[in-house]
Trainee: 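Structure below; questions to follow.
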Amino acid sequence: MPTLDPVDHVFSDPPYEDDVHDAKAHAKALRKDKGPNLKEIDFASITGIRDAATKEMVRLSNGWLLVFCTPEGVAAWRDAIETHGAKYKRACVWVKPDAAPQFNGQGPAQGAEMMIAAWAGRGHAKWFAGGKRGVWTCNTNSRGRDGTHPTEKPVKLMTDLIFDFTSMGQTLLDPFMGSGTTGIAAAKNGRRFIGIEKDPRYFDLACRRIEKAIAEDMFIEEWKQGELLA
């Protein structure tokens with residue numbers, strides 16, 4: 001991130017906090033319904049690098065900064081974002097109708113994920129959804145889900161966010177790219193995209209998924225592909 005110039009917006013799904021990583025590490029042993037084992041989290045938590053990452057994300061965004069997190073992480077992200085000069089707007093909600101149940105039956109399952117919306121640009125915040133509430137409802141699983149990455153976001157969800165928060169031709173940065181879902185949604189809807197991913201396996205996966213999505217989309221003219229993926 002320190003090598004980049006500012007872009008229009010930063011959308012990202014950073015790793016979970018320490019406590020959630022610890023809980024996820026034991027999830028496989030709790031499954032009792034004979035379904036497929038849950039994928040283990042195979043990357044470090046955000047806790048140790050949140051401040052440094054937030055500082056760079058605020059610097060790089062000329063508009064919106066959208067950060068996915070758990071309910072437990074909202075306050076920490078809000079504090080970091082405000083410390084580095086962006087305007088915290090709202091803790092929004094992604095409702096997951098098909099979220100996994102609580103497999104041990106000892107309490108309610110997690111049915112939603114949070115998303116911090118902050119404005120890092122000049123002047124008043126601008127978006128394209130009028131008075132819409134900060135709630136998006138979208139299944140986690142869909143026909144196009146790859147499933148290799150343990151926290152893959154749905155393309156439909158990221159597409160909805162792109163239409164609500166960004167304009168055609170703008171550039172989005174995702175500094176925790178994972179399997180590249182934000183890049184797919186951006187490229188298929190006329191936005192430029194820059195992705196950063198530490199793990200070479202997921203970086204290669206993201207590139208393949210984005211290239212495949214563009215190749216399958218008859219609505220993206222051939223001459224635009226080089227522009228979107230430059």
Side-chain angles (χ1 to χ4, degrees), residues 1-21 43-95 112-136 138 151 153 157-178 180-183 185-186 189-198:
M1 283 190 285
T3 68
L4 298 177
D5 293 325
V7 298
D8 295 298
H9 309 284
V10 176
F11 286 16
S12 200
D13 179 24
Y16 299 121
E17 286 72 27
D18 284 341
D19 56 341
V20 181
H21 270 257
F43 42 84
S45 81
I46 191 64
T47 304
I49 63 168
R50 187 197 331 267
D51 187 72
T54 303
K55 181 179 180 180
E56 282 300 301
M57 289 193 286
V58 170
R59 179 186 72 83
L60 288 168
S61 177
N62 283 328
W64 287 103
L65 169 57
L66 304 185
V67 180
F68 284 92
C69 67
T70 63
E72 296 80 6
V74 169
W77 278 107
R78 177 203 61 203
D79 292 348
I81 285 168
E82 291 182 339
T83 293
H84 292 292
K87 298 175 183 177
Y88 171 84
K89 287 292 187 179
R90 190 80 63 224
C92 303
V93 181
W94 166 31
V95 177
E113 191 167 326
M114 307 304 290
M115 182 188 71
I116 301 297
W119 180 252
R122 296 181 179 179
H124 296 295
K126 310 173 188 69
W127 83 323
F128 304 96
K132 177 179 178 177
R133 294 169 178 83
V135 178
W136 287 262
C138 181
T151 62
K153 292 293 180 287
L157 172 66
M158 300 314 301
T159 298
D160 289 346
L161 293 174
I162 281 173
F163 279 122
D164 286 347
F165 286 94
T166 77
S167 298
M168 183 74 72
Q170 289 188 323
T171 299
L172 278 66
L173 166 67
D174 185 350
F176 297 92
M177 179 170 61
T181 301
T182 301
N189 292 286
R191 277 70 168 170
R192 295 178 175 85
F193 176 73
I194 299 171
I196 300 172
E197 172 53 48
K198 180 179 179 180

Trainee: On a heavy-atom basis, which atom in Phe68 and which in Pro14 lie closest, and how many Å separate them?
Mentor: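 Looking at all heavy atoms of both residues, the closest pair is O-CD, 3.5 Å.
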
Trainee: Do you know which two heavy atoms are closest between Gly85 and Val58, and how far apart they sit?
Mentor: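 What the structure gives for the nearest pair is C-CG1, 4.5 Å.
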
Trainee: Taking the side chain as C-beta and beyond, is there a heavy-atom pair between Met177 and Ile196 under 4.5 Å?
Mentor: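 No; the side chains remain at least 4.5 Å from each other.
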
Trainee: Can you see which heavy atom on His9 is nearest to which on Phe11, and at what distance?
Mentor: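 Looks like CB-CE1, 3.9 Å.
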
Trainee: Checking the side chain of Arg192 only, and the main-chain atoms of Gly169 only, is there a donor and an acceptor separated by less than 3.5 Å?
Mentor: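 Yes: the side chain of Arg192 pairs with the backbone of Gly169.
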
Trainee: Got a second to check how far Ile81's CD1 is from Arg50's CZ, nearest 0.5 Å?
Mentor: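 That separation rounds to 9.5 Å.
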
Trainee: Roughly how far, to the nearest 0.5 Å, is CG of Asp51 from CG of Asp79?
Mentor: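 With rounding to 0.5 Å, CG (Asp79) is 10.5 Å from CG (Asp51).
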
Trainee: Could you grab the distance from atom CE of Met115 to atom CG of Asp13, nearest 0.5 Å is fine?
Mentor: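 Taking CE in Met115 and CG in Asp13, the distance rounds to 11.0 Å.
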
Trainee: Are the side chain of Ser61 and the backbone of Met57 linked by a donor-acceptor contact shorter than 3.5 Å?
Mentor: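 Side chain of Ser61 to backbone of Met57, a donor-acceptor pair under 3.5 Å: no, none is there.
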
Trainee: Scan Val7, Val10, Ile162 and name whichever one has a side chain to side chain contact (heavy atoms under 4.5 Å, CB included) with Leu172.
Mentor: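 Single side chain to side chain contact (heavy atoms under 4.5 Å, CB included) partner of Leu172 among Val7, Val10, Ile162: Ile162.
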
Trainee: I'd like to know if the side chain of Glu17 reaches the main chain of Thr47, judged simply by a donor and an acceptor atom lying under 3.5 Å from each other, with no hydrogens or angles considered.
Mentor: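 Not at all, since once roles are kept as given, no pair shorter than 3.5 Å links the two residues.
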
Trainee: Search all heavy atoms of Lys132 against all heavy atoms of Trp136 and return the closest pair with its distance.
Mentor: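 Minimum heavy-atom contact is NZ-NE1, 3.1 Å.
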
Trainee: Taking atom CD of Glu56 and atom OG1 of Thr3, what is their separation to the nearest 0.5 Å?
Mentor: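 Between Glu56 CD and Thr3 OG1, I get 9.0 Å after rounding to 0.5 Å.
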
Trainee: Against Arg191, only a single residue in Thr182, Thr166, Thr171 fulfils side-chain hydrogen bond (donor to acceptor under 3.5 Å, both in side chains); can you say which?
Mentor: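 Considering Thr182, Thr166, Thr171, a side-chain hydrogen bond (donor to acceptor under 3.5 Å, both in side chains) with Arg191 is found only for Thr166.
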
Trainee: Has the side chain of Thr70 got a donor or acceptor atom that lies under 3.5 Å from a matching backbone atom of Gly73?
Mentor: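 At least one qualifying donor-acceptor pair exists.
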
Trainee: Kindly indicate, with the supporting measurements, whether the criterion side chain to side chain contact (heavy atoms under 4.5 Å, CB included) is fulfilled by Val67 and Phe176.
Mentor: CA-CA 10 Å; Val67 180; Phe176 297 92; over 6 Å; no

Trainee: Rounded to the nearest 0.5 Å, what separation is found between the CD atom of Glu113 and the CG atom of Leu157?
Mentor: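 That separation rounds to 9.0 Å.
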
Trainee: Donor-acceptor check, side chain of Arg59 to backbone of Met1, threshold 3.5 angstrom: yes or no?
Mentor: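 Yes: the side chain of Arg59 pairs with the backbone of Met1.
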
Trainee: Got a donor-acceptor contact below 3.5 angstrom from the Trp64 side chain to the Lys126 backbone?
Mentor: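 A pair under 3.5 Å: yes.
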
Trainee: Taking all heavy atoms of Asp164 and all of Trp127, pick out the closest pair and write down the distance.
Mentor: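 Residues Asp164 and Trp127, closest heavy atoms: O-CB, 3.3 Å.
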
Trainee: If you measure from OG on Ser167 to CG on Asp8, what distance do you get to the nearest 0.5 Å?
Mentor: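 Between Ser167 OG and Asp8 CG, I get 8.0 Å after rounding to 0.5 Å.
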
Trainee: Can you name the closest pair of heavy atoms from Trp94 and Cys138 and give their distance?
Mentor: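 The pair with the smallest heavy-atom distance is NE1-O, 2.9 Å.
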
